[in-house]
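First listed ligand is number 1; within each ligand, the first listed atom is number 1.
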Amino acid sequence: MQVFDHPEFDHHRQIVFGCDRDSGLHAIIAIHDTRRGPALGGLRIYPYASEAEALTDVLRLSRGMTYKSALADLPLGGGKAVIIADPRREKTPSMLQAMGRLVESLGGRYITAEDSGTDEADMRIIRSETLHVSGLGHDGDSGDPSPFTAYGVFCAMKSAVRHRFGHDDLHELRVAIQGVGHVGAHLARELHAAGAQLVLTDVDRDSLGVLADELGAESVMPDAIFDADVEVFAPCAMGAVLTEAVVGRLKAGVICGAANNQLATAEVAERLHGRGVLYTPDYIANAGGVIEVEAQRHPHYNRSAVMRHVERIAITVDEILSRAQAQDMSPAVVADQLARERLAV
Ligand code: NAD
């Protein structure tokens, strides 16, 4: 398995392989960049088919965190951690404690947080071994960042809608949301409160039905969401949803959602641009969560200051979409350029 010649290797500062025989821990931590601050990024537990697959994921995701934090104007670098295990069957307190010791061994260069396969209770176990963990909540409040992520997507969407349609009035705007889990449900409620008309889908048909009834929204089968007659498509389920085939079906003029890594390939961004569909780069739209997680690390947590910071996502989206329009380029490419500029100073 190659590291320095790996296609996803991007001059990562440090890559640590950690093993604990007693608990069965097999983990990789990747610190991509620390120029702006310690490398913060979630801990993912997933039954990767191979070490190579886990390495690919952690290299790619840690780099994404560097870009996300830079464009969210946070004093953070980018990092990520993965444990090769099935979180439902193999995750144990002793494995999480061993992970906490591995994080501690990096002396604060890497700060861990929740990601898929981990939750707030897991972070509390890790906290017994290291202070370098965030997302544990404040003053008895939950550490769940989803409401902040949803609010950031809402702010980003208003900015993108203004660029594409010339106004940011969400009243009567038709929005399709794919996935109404933690983030998607919050987003749906905010859009509903702003007067938007919603088309919702989820593979969890029971939760979907309850939410659709609550909001008077239309609900469709998962595959039908791509054909919905809407102005905005909000992917809030999983990554790689924007394939060539999906782009060919979408009727929306704006894409803005919470899911990570929405573009199946880099070429899809060009295809969207060519079709006049405004793609809001996912890692900017969904940065509300990391803004909240960063704020939770500090003793003087101030919720309204966090909300104001999340609102600044709209300003970044505005800058990227203006530049993309002026240079006739895809916003995805412009976002990466801007992130690199912010890292260089
Ligand atoms: P979640 O698991 O709570 O919600 C995802 C929802 O999508 C679930 O209800 C699931 O049933 C549904 N779903 C899965 N496959 C689907 C399909 N094919 N069609 C329709 N629905 C489907 O996750 P979440 O925390 O709401 O996060 C949603 C996305 O946003 C994820 O990609 C996540 O990585 C990203 N994200 C989340 C946060 C956060 O604060 N939670 C922050 C940044 C990015």
Take the angle between the ring planes of Y151 and F154 and call it parallel below 30°, perpendicular above 60°, tilted in between.
parallel
State whether the number of non-hydrogen atoms from other residues, nucleotides or ligands found under 6.0 Å of Q327 atom CD is greater than 12.
yes
Residue H273 excluded, over 12 heavy atoms near NE2 under 6.0 Å:
yes
Using ring-ring contact (aromatic ring centres under 6.0 Å, His included), reason through H12 and F9 one step at a time and then give a plain yes or no.
CA-CA 7 Å; H12 289 67; F9 181 75; 5.6 Å; yes
Taking the cut-offs as 6.0 angstrom to the six-membered ring centre and 45 degrees off its axis, would you call R162 and F165 a cation-pi pair?
no
Any chance you could lay out the side-chain hydrogen bond (donor to acceptor under 3.5 Å, both in side chains) test for R342 and Y67, step after step, and finish with the verdict?
CA-CA 9 Å; R342 290 206 181 166; Y67 281 31; over 6 Å; no
Any protein N/O atoms within less than 3.5 Å of an N/O atom in ligand 1? List the atom names and distances, or say none.
unit_1: ligand 1; atom_1: 3 (O); unit_2: H182; atom_2: N; d: 2.9
unit_1: ligand 1; atom_1: 3 (O); unit_2: H182; atom_2: ND1; d: 2.6
unit_1: ligand 1; atom_1: 9 (O); unit_2: D202; atom_2: OD1; d: 3.3
unit_1: ligand 1; atom_1: 9 (O); unit_2: D202; atom_2: OD2; d: 2.7
unit_1: ligand 1; atom_1: 11 (O); unit_2: D202; atom_2: OD1; d: 2.6
unit_1: ligand 1; atom_1: 21 (N); unit_2: V203; atom_2: N; d: 3.4
unit_1: ligand 1; atom_1: 26 (O); unit_2: H182; atom_2: N; d: 3.1
unit_1: ligand 1; atom_1: 26 (O); unit_2: V183; atom_2: N; d: 2.8
unit_1: ligand 1; atom_1: 30 (O); unit_2: A258; atom_2: O; d: 3.2
unit_1: ligand 1; atom_1: 32 (O); unit_2: A237; atom_2: O; d: 3.1
unit_1: ligand 1; atom_1: 34 (O); unit_2: N260; atom_2: ND2; d: 3.0
unit_1: ligand 1; atom_1: 40 (O); unit_2: T149; atom_2: OG1; d: 2.6
unit_1: ligand 1; atom_1: 41 (N); unit_2: S146; atom_2: OG; d: 3.3

